[in-house]
*Asks:* 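Structure in C-alpha cells, see below.
Convention: sequence-line order gives letters A, B, ...; per-chain numbering from 1. Keep in mind that this is a model prediction, so the values were computed, not measured.
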Number of protein chains: 2
Amino acid sequence: MAGIRAAQKEKTRRALIQAAMNQLTAEHGFASLSLREVAREAGIAPTSFYRHFRNMEELGLTLVDEGGLTLRQLLRQSRQQIAKGGSIIRSSVLTFMEFVNNNNAIFRLLLQEKSGNSKEFRLAIAREVEHFTAELVDYLIEEQQFARELAEMQADAIVRIVFSAGADALDADAKERRRLTEQTIVQVRLVARGAEATRAAAKTTKSGE
Amino acid sequence: MAGIRAAQKEKTRRALIQAAMNQLTAEHGFASLSLREVAREAGIAPTSFYRHFRNMEELGLTLVDEGGLTLRQLLRQSRQQIAKGGSIIRSSVLTFMEFVNNNNAIFRLLLQEKSGNSKEFRLAIAREVEHFTAELVDYLIEEQQFARELAEMQADAIVRIVFSAGADALDADAKERRRLTEQTIVQVRLVARGAEATRAAAKTTKSGE
DNA sequence: TCGTTCAGTGAACACGTGTACGCTCAATTT
DNA sequence: AAATTGAGCGTACACGTGTTCACTGAACGA
C-alpha cells in the first residue's frame, strides 16, 4: 500500500516543477522555457514530460498556483504581525518586500504573466491580486470604519503602489531596495491620509446640511 | 538632393516597425516575435532586416522609444490644456487612458518588457517612466509649490497608480474601462489630498515651534 | 560618364524545437 | 504465477529559427 510507483511519479513531477523554477531567471522567462531543457534538468527524457503535463502551459499554471499559495502565506504572516501591534502599514510593506526578496523567481513569474500572453495566466493572477485587495478592504471597513466605497478606492490604490514597488525591487540592490521600501511606506501613508481627509470632508458636509 | 535612396530606406524601416506592431497582440508578445515573420510582413527578405537593425532587440528598443515619446507629448499637451480651465488630474488621466486605448500594442509592449527578460529593455522603460515622473514632479513644484521631497513621493505614487490601471484597462471592455478611469481619477485625488494634508501638517508644526 | 555605395536578394547552414511511435521492464493487480 | 499497467526511453521527423555569404542593380558622387 506504499505506492512506490505513485511516489516515484510525484517525485519526478516535483523535479520538473523545480527544474522550471531554476530556469526562471531575470534573463530567461517562462515564455522562452523549452520542454526539452526542463526535462533535461529534471533528469528525464523529453518525451517523458507528457506523462506529467499535457504541455508547458499546464506546467506554468501549476507554478502560478504554487506562487499564489506562497503569496497567501505572506498574507497570513502579515495579518499576524498586525495582531501583535506596531504600525500596520510599515509591517505590511516590510513583509511584502521580504516576500519579493525571498521568492524572486515566483514574484517575477507572477509579474510577467500578469501582463503576459496567455489569457488564462492573466486571469489566474488577477484573481490572486483581487484576494489581496479584498482582504485589505475588509480590514479598512472593520478596523478603521471606512465607508465601503472609500475603502475600496483606498485599498486598490495601495495594492497598485505596493505591487509596482515590488516590481522595481526585483532589479534593485539592497540599498536601493531599502530606499524603495521606505518610500512605499510614505506613499501608502499618503493615500491613507488622503482617505482620512476625504472622510472628514464628507462628514463636515453632511453635518453642515 | 531629394535622396531617393534614403527615402526608400526610411520607408522600409517604417514598414518593419509597422509589421512588428501588427504582430504584437494580446496572445503573441514581442518575445515570441520572429525576425523572419516581421520581414515577411514588411515585404522584404529576412536577410535585409539587418540593413536596418542589428537584431530584434534593437527594433524593440525603437518601439519603446517611439511609444514613450508619443505618450509624453500627449500628456504635455493635456497639461497645457488646463490653462483654459478644467481639472488637470481628470484631463491627464483621460489622456493617458485614451493613449492606452489607441496604442494598445505599444502599451502592452511597454508593460511586458518592463518586467521582461532583457535588462536593456527594462532600463529603457524605467527611463521612460522616470521621464513621466520627473515632468510631474516639476509641475507639482512649480505650479503647486510643493517641497521637492513631497512632490517626488506624490508623483511617483501617482505614476504607479496610473500605469497599473492602464495595465488593467488592456483586458477590459469599454464599460469596465470607463469605471477604471473614474476610479483612477478618484485615487489620484486621494494621493493629492494626502500630500496636501501632509504639507499643511508640516507647516503647522513649523509655525508652532 | 564612370566608379562606388549600399538596400535588397536567395541559397545554404547548423541548430533547437515539439511530438509521434514503439519499446522496455519494474510495480501492480488478478 | 501470470497478466496488465504505465513511467521512462531512444529514434526519427518535419519545421522554423538566426545568421553567413557572395551576388545584383539602381542611386549616387566625382
*Asks:* Write down the distance between CZ (A/Phe49) and P (D/dG8), rounded to a whole number of angstrom.
*Replies:*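 Spelled out: CZ on A/Phe49 to P on D/dG8 is 12 Å.
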
*Asks:* Take the protein atom NZ of B/Lys11 and the nucleotide atom P of C/dA7, then report the distance between them rounded to whole Å.
*Replies:*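 Between P of C/dA7 and NZ of B/Lys11: 16 Å.
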
*Asks:* How many whole angstroms separate atom CD of A/Gln8 from atom P of C/dT28?
*Replies:*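 About 11 Å, once rounded to whole Å.
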
*Asks:* Report the residues that fulfil ring pair (Phe, Tyr, Trp, His ring centres under 6.0 Å) with A/Phe146, sequence neighbours left out, ordered by chain and then residue number.
*Replies:*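 For A/Phe146 there are no ring pair (Phe, Tyr, Trp, His ring centres under 6.0 Å) partners, ignoring immediate neighbours.
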
*Asks:* Find the distance A/Arg13:CZ to D/dG6:C1' and express it as a whole number of Å.
*Replies:*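 That distance rounds to 17 Å.
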
*Asks:* Using the closest heavy atom to pick a nucleotide of DNA chain C for each, name whichever of A/Met56 or B/Ser48 lands nearer the 5' end.
*Replies:*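 Going by which nucleotide is closer to the 5' end, it is B/Ser48.
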
*Asks:* Enumerate the protein-to-nucleotides 20-22 of chain D contacts in which both atoms are nitrogen or oxygen and the separation is below 3.5 Å.
*Replies:*
none

*Asks:* Just how far, in rounded Å, is P of C/dT19 from CZ of A/Arg54?
*Replies:*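 Taking atom P of C/dT19 as the reference, CZ of A/Arg54 is at 11 Å.
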
*Asks:* With sequence neighbours excluded, tell me which residues meet side-chain hydrogen bond (donor to acceptor under 3.5 Å, both in side chains) with B/Glu176.
*Replies:*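 B/Glu176 satisfies side-chain hydrogen bond (donor to acceptor under 3.5 Å, both in side chains) with B/Arg179 once adjacent residues are dropped.
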
*Asks:* Under 3.5 Å, which protein N or O atoms sit close to an N or O of nucleotides 3-5 of chain C? Give each pair with its distance.
*Replies:*
residue, atom, partner, partner atom, Å
C/dT5, O2, B/Arg5, NH1, 3.1
C/dT5, O2, B/Arg5, NH2, 3.0

*Asks:* Under 4.0 Å between a side-chain nitrogen and a carboxylate oxygen: does that hold for A/Glu182 and A/Arg178?
*Replies:*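 No, no charged N to carboxylate O under 4.0 Å.
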
*Asks:* Using the side-chain hydrogen bond (donor to acceptor under 3.5 Å, both in side chains) rule, collect all pairs that involve residues 109-119 of chain B, keeping only residues at least two apart or in two chains.
*Replies:*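 Applying side-chain hydrogen bond (donor to acceptor under 3.5 Å, both in side chains) to every pair that reaches into residues 109-119 of chain B, excluding sequence neighbours, yields B/Glu57-B/Ser118.
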
*Asks:* Would you tabulate the side-chain donor-acceptor contacts of residues 26-34 of chain A under 3.5 Å, counting partners in other chains and residues two or more places apart, or write 'none'?
*Replies:*
residue, atom, partner, partner atom, Å
A/His28, NE2, A/Ser32, O, 3.3
A/Ser32, OG, A/Gly29, O, 3.2
A/Ser34, OG, A/Arg36, N, 3.3
A/Ser34, OG, A/Glu37, N, 3.0

*Asks:* Calculate the interatomic distance between B/Ile44 atom CD1 and C/dG10 atom C1'; express it in whole Å.
*Replies:*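 Whole-Å distance recorded here is 14 Å.
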
*Asks:* Who are the side-chain hydrogen bond (donor to acceptor under 3.5 Å, both in side chains) partners of B/Thr181, not counting sequence neighbours?
*Replies:*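 By the side-chain hydrogen bond (donor to acceptor under 3.5 Å, both in side chains) rule, B/Thr181 matches no residue at all.
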
*Asks:* How long is the line joining CD of B/Glu57 and P of D/dG18, in whole Å?
*Replies:*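 Value for this atom pair: 14 Å.
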
*Asks:* Pairs under 3.5 angstrom, nitrogen or oxygen only, protein versus nucleotides 12-17 of chain D, please.
*Replies:*
residue, atom, partner, partner atom, Å
D/dT17, OP1, B/Ser34, OG, 2.7

*Asks:* So among B/Leu109, B/Leu170, B/Thr25, B/Leu24, which one has a side chain to side chain contact (heavy atoms under 4.5 Å, CB included) with B/Asn104?
*Replies:*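 Of all the options given, the one that passes is B/Leu170.
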
*Asks:* Could you tell me which residues satisfy ring pair (Phe, Tyr, Trp, His ring centres under 6.0 Å) with A/Phe132, sequence neighbours excluded, listed by chain and number?
*Replies:*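 With sequence neighbours excluded, A/Phe132 shows a ring pair (Phe, Tyr, Trp, His ring centres under 6.0 Å) to A/Phe163, given in chain and number order.
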
*Asks:* Whole angstroms only, please: what is the NZ-P distance between B/Lys9 and C/dC6?
*Replies:*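 After rounding, the gap between these two atoms is 8 Å.
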
*Asks:* Which pairs pass side-chain hydrogen bond (donor to acceptor under 3.5 Å, both in side chains) with one or both residues in residues 38-50 of chain B, sequence neighbours excluded?
*Replies:*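 Every pair satisfying side-chain hydrogen bond (donor to acceptor under 3.5 Å, both in side chains) with a residue in residues 38-50 of chain B: B/Asn22-B/Glu41, B/Gln23-B/Glu41.
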
*Asks:* How would you list, by chain and number, every residue that makes a side-chain hydrogen bond (donor to acceptor under 3.5 Å, both in side chains) with A/Glu66, sequence neighbours excluded?
*Replies:*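 Once residues adjacent in sequence are excluded, the partners of A/Glu66 under the side-chain hydrogen bond (donor to acceptor under 3.5 Å, both in side chains) criterion are A/Arg14.
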
*Asks:* List in chain and number order the residues that pass side-chain hydrogen bond (donor to acceptor under 3.5 Å, both in side chains) with B/Gln144, two or more places apart in sequence or in another chain; answer none if no residue qualifies.
*Replies:*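 With neighbours one apart ignored, the set is B/Tyr139.
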
